Visitor: 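Please read through the structure below; I'll follow up with questions.
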Number of protein chains: 2
Amino acid sequence: MNDESLREAGLKVTIPRVKILEILTANKQRHMSAEDVYKTLLTQREEVSLATVYRVLTQFESVGIVMRHNFEGDHAVFELKENEHHDHLVCVRCGKVEEFVDETIEKRQQQIAKQANFKMTDHALNIYGLCGTCQ
Amino acid sequence: MNDESLREAGLKVTIPRVKILEILTANKQRHMSAEDVYKTLLTQREEVSLATVYRVLTQFESVGIVMRHNFEGDHAVFELKENEHHDHLVCVRCGKVEEFVDETIEKRQQQIAKQANFKMTDHALNIYGLCGTCQ
DNA sequence: AACTTAAATGAGAATCATTTGCATCTGGGC
DNA sequence: GCCCAGATGCAAATGATTCTCATTTAAGTT
Ligand SMILES: [Mn+2]
Ligand SMILES: [Mn+2]
Ligand SMILES: [Zn+2]
Ligand SMILES: [Zn+2]
């Protein structure tokens, strides 16, 4: 969540990385696309190129700082990984995303993976539907 | 699974649609990308453009003949929807996909959606990991 | 079987998100 | 301050998917 996490990950502490980390931290409740992060940088008069935003987010993902999601097929969204694991409810109309954790499901997944002889590294459960407002 | 399903869906019975339906039927066990379908058409000397493959697959999806998945962010894959609902185990190394259904999880999902006041229209549970061969 | 027309298709251009090549810049160790 | 691997900006390249538009075709109607 700060310069230290960058050093620990073996990444130089550069302006773009620090700024992007700040933005993600200030938006923990959201799921931001590269474009979202880029626009936020612009409003802060930060001179960071979109290409760098993509590069940094990808690096953050590979060192475990963020998690990438492909809720909709056309663009990825990211969120800080410090939050404990959780799954998502996605409104197919307004795009709203709610998070949840269900122990019963978590356990069953492990059993299913073991049964199929898969060594589970990750999983993603997305429930799509209409949120209260959109129904 | 045949011309009748096209008519029922209100779609004209055209060569491209029939051929694509045949290919999907002959590959029920797989999950095919638009490109996969297109290449298969080529090996059969069928003159169908890639644009049409995309159009047809999208139409098939909207009338419920196929289901679209976004396992990996960069391209979608499709499978006939006649098969009953199921979720997926995806090998992150070789791409192998296994299917499964778990009633416990299905039920919990409904409860979770109801609890969050979402009207669930669909859901996707993907368990990622290493398959037996790849471990 | 020929006539009619809305729907379907092919070919290629256009989009859009994401990636890359390359010249230039900079963080951090000495 | 010096050095250089790693980082960045910019623009061009990619790759999947969509769109435009001229041409063709399925299928209902004489
Ligand atoms: Mn989340
Ligand atoms: Mn499947
Ligand atoms: Zn909504
Ligand atoms: Zn495998």
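Just so we're clear, the structure is a prediction, and the values are computed from it rather than from any experiment. So you know, we letter chains A, B, ... as the sequences are listed, proteins then strands, and number each from 1.
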Visitor: Among the nucleotides dG28(C), dT19(C), dG9(D), which one has an atom lying closest to any side-chain atom of Thr58(A)?
Guide: dT19(C)
Visitor: Using whole Å, what does the distance between atom P of nucleotide dT18(D) and atom OH of Tyr38(B) come to?
Guide: 16 Å
Visitor: Could you tell me how far apart Gln59(B) (CD) and dT18(D) (C1') are, to the nearest whole angstrom?
Guide: 13 Å
Visitor: With nearest nucleotides of DNA chain D determined for Asp74(B) and Leu11(B) from heavy-atom distances, which residue corresponds to the more 5′ nucleotide?
Guide: Asp74(B)
Visitor: Over how many whole Å does the gap from Leu41(B) atom CG to dT9(C) atom C1' extend?
Guide: 13 Å
Visitor: Using a heavy-atom cut-off of under 4.0 Å over every strand shown, decide if Glu35(B) touches base, sugar-phosphate, or nothing.
Guide: nothing
Visitor: For Phe60(B) and dA8(C), what is the distance between atoms CZ and C1' respectively, to the nearest whole Å?
Guide: 12 Å
Visitor: Under 3.5 Å, is there a donor-acceptor pair linking the side chains of Gln110(A) and His123(A)?
Guide: no
Visitor: Nearest whole angstrom, please: distance from the P of dG6(D) to the CZ of Arg7(A).
Guide: 18 Å
Visitor: Measure NZ/Lys19(B) against P/dA26(D) and give the value in whole Å, please.
Guide: 13 Å
Visitor: Would you say Tyr54(B) reaches dT17(D)'s phosphate, i.e. side-chain N/O to OP1/OP2 under 4.0 Å?
Guide: yes
Visitor: Would you tell me if any nitrogen or oxygen in the side chain of Arg17(B) comes within less than 4.0 Å of OP1 or OP2 on dA8(C)?
Guide: yes
Visitor: Could you tell me the separation between the CD1 atom of Ile15(A) and the P atom of dG9(D), rounded to a whole number of Å?
Guide: 10 Å
Visitor: Aromatic rings His69(B) and Phe71(B): how do their planes relate, parallel, tilted or perpendicular, breaks at 30° and 60°?
Guide: parallel
Visitor: Counting side-chain heavy atoms from CB outward, which of dT9(C), dT17(D), dT18(C) is closest to His75(B)?
Guide: dT17(D)
Visitor: Does Asp102(B) reach the main-chain N or O of Ile105(B) with its side chain, forming a donor-acceptor pair under 3.5 Å?
Guide: yes
Visitor: Can you measure Phe71(B) atom CZ to dA16(D) atom P for me and round it to whole angstrom units?
Guide: 18 Å
Visitor: If each of Ser49(B) and Ala34(A) is mapped to the nucleotide of DNA chain C with the nearest heavy atom, which maps nearer the 5' terminus, i.e. the 5' end?
Guide: Ser49(B)
Visitor: Show your reasoning for whether salt bridge (Lys or Arg N to Asp or Glu O under 4.0 Å) applies to Glu98(A) and Lys96(A).
Guide: CA-CA 7 Å; Glu98(A) 273 192 45; Lys96(A) 176 180 171 186; 3.6 Å; yes
Visitor: Does Arg93(A), at its CZ atom, have more than 12 non-hydrogen atoms belonging to other residues, nucleotides or ligands within less than 6.0 Å?
Guide: no
Visitor: Look at the side chain of Arg55(A) against the base of dG9(D) and say whether a donor-acceptor pair falls under 3.5 Å; ignore hydrogens and angles.
Guide: yes
Visitor: Whether Thr14(A) contacts dT8(D) is assessed here as follows: a side-chain N or O lying under 4.0 Å from the phosphate OP1 or OP2. Is that the case?
Guide: yes
